[in-house]
> 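Mind having a look at this structure? Questions to follow.
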There are 2 protein chains.
Amino acid sequence: MALAKKEDTQNKIKEIARKLFTRFGYSSTTIREIAKESQVNIALVNYYFRSKDNLFRIIMEESFEQLFIQIDPIINNKNTTLEEKIQSLVSNYLDFLQKFPELPLFMLNEIKNKPKHLVIKISLKKKVSQSSLMHQIKERNPYINPLHFIFNLLGMLVFPFIMKPVISSAKLINIDDFNQMISERKRLIPIWINDILESKKT
Amino acid sequence: MALAKKEDTQNKIKEIARKLFTRFGYSSTTIREIAKESQVNIALVNYYFRSKDNLFRIIMEESFEQLFIQIDPIINNKNTTLEEKIQSLVSNYLDFLQKFPELPLFMLNEIKNKPKHLVIKISLKKKVSQSSLMHQIKERNPYINPLHFIFNLLGMLVFPFIMKPVISSAKLINIDDFNQMISERKRLIPIWINDILESKKT
DNA sequence: AAAAAATTTAAACATTTGTTTTAAACAAAA
DNA sequence: TTTTGTTTAAAACAAATGTTTAAATTTTTT
């Protein structure tokens, strides 16, 4: 019972903290605000997580894993074609981003501000460069640095969500039209990426 | 003479502030740090700019203008073809971003955190939707929402710079290879955008 | 050169914020 | 019931931070 309650409180704090950190960033999020929204005493936050820094580190590591755990099995699946991989990546990632639209901008910004938290990612280079996807891209178009395609694909997926605050603020399009656009992109991005891969003018 | 000195100090503070705000964001930049790097007394910052908030507002407005002043004459030039516009946009914007690589992530993040600063941009919708570029895109491919192309073009241009901290941190590629990639993209992005515009599978 | 105005500095103020301490409330075990 | 360990709350602490004040210094004007 005590354990259940403990886990409960601890988790509530963590999820509220995740929400606030993601929305406002590390510096603009205060322990007092986390405690207030979690409806617990300030001291409890430090009681369960030792420090603001440690709480943030835990959340960053979880978010980071969440971001990459989705793509790893896809890009390394030896039994799928390049087209299938791209289709799967686009579909899964856009679904994921629609659930957590603020995650990319938050992560990219915090990584910029505190590159120390990125010790985890020394393996990233290996993960990407040795992936099955990377090899298939090289086969398909040996003339161009495959990182171009990775950037293009990731950019097409992520960029609309990074621009979302600008879009809302400038009232460029409303939220329904935005989601409609994302749905269209699920169909279109694989086509576009294929066009780019097959471009003979390079 | 007094005027010159005043302008001098004032400008020094502003440029240091711009550098720090751009690198660390609003919350993580302190007036004391700005004063220290500018080699002036803390009170001088408030003497010239009244408040941290006001100083930040001025810098944001200038940066914002800087970002859009470049594209406005290009996308609204009635005497250039769509191809020429795209070529010019890509070339100018990549040059600009290589000079100020941290600007996009900074701006996007601050816009997310404080959408109040975006009063300036109510005109953005008009600017984009009534632009000559937009009309030419619609002519070229009437079947797809032109915002897709805007997102793709902007994403291809900006996304590598937004990813730069991740790239450095994960040591995916070194800085020389990064700049080499950007140079390649000056040539490639217009080709890719053209491929996408001509895609008949949509 | 004297007076006035503008610029700069040092110090203090008032809040905010992360953290710690101390003790009370509570649940589980003896 | 008493004891023991865990969880929660209130308060205090210390450092950081935006801002203001008042005096000193420098520059400009008369």
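Naming: A, B, ... by sequence-line order, numbering from 1 per chain.
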> Could you work out which one of D:dT20, D:dG18, C:dT19 sits closest to the side chain of A:S51?
C:dT19

> Would you list the pairs meeting side chain to side chain donor-acceptor pair (under 3.5 Å) in which at least one residue belongs to residues 69-82 of chain B, sequence neighbours left out?
B:D72-B:N76, B:T80-B:K85, B:T81-B:E84

> Take the protein atom NZ of A:K52 and the nucleotide atom P of C:dT16, then report the distance between them rounded to whole Å.
15 Å

> Of the residues in residues 28-40 of chain A, which ones touch DNA chain C at a heavy-atom distance under 4.0 Å?
A:T29, A:T30, A:I31, A:R32

> Rounding to a whole Å, what distance do you find between B:Y48:OH and D:dT19:P?
18 Å

> Please enumerate all residues that pass side chain to side chain contact (heavy atoms under 4.5 Å, CB included) together with B:N145, with sequence neighbours excluded.
A:M181, A:E184, B:L147, B:H148

> May I ask you to check whether B:F106 and B:F21 place their ring centers less than 6.0 Å from one another?
no

> For A:E110 versus A:Y26, what's the shortest heavy-atom pair and its separation?
OE2-N, 3.0 Å

> Roughly, in whole Å, what's the span from CD1 in B:I42 to C1' in C:dT8?
12 Å

> Measure from the side-chain heavy atoms of B:N41 and tell me the nearest of C:dT9, C:dT20, D:dT20.
C:dT9

> Measure from CZ on A:F49 to C1' on C:dT19 and round the result to the nearest Å.
16 Å

> Just how far, in rounded Å, is P of D:dA11 from CG of A:L44?
16 Å

> Just jot down the ring-ring contact (aromatic ring centres under 6.0 Å, His included) partners of B:Y47, sequence neighbours excluded, or say none.
none

> Look at atom CD of A:E65 and say whether more than 12 heavy atoms of other residues, nucleotides or ligands are closer to it than 6.0 Å.
no

> Is any side-chain N or O of B:T9 closer than 4.0 Å to OP1 or OP2 of C:dT7?
no

> Please state how far atom CG in B:N46 lies from atom P in D:dG18, giving the value in whole angstrom units.
9 Å

> For DNA chain C, determine which residues of residues 12-21 of chain A have any heavy atom closer than 4.0 angstrom to one of its atoms, and list them numerically.
none

> Check A:K19 with A:E37, please: is the shortest side-chain N to carboxylate O separation under 4.0 Å?
yes

> Please check if the distance between the ring centroids of B:F161 and B:F96 is under 6.0 Å.
no

> Any salt bridge (Lys or Arg N to Asp or Glu O under 4.0 Å) involving residues 166-179 of chain A? Give me the pairs, sequence neighbours left out, ordered by first then second residue.
none

> Atom OH of B:Y47 and atom P of D:dT27: how far apart are they, to the nearest Å?
14 Å

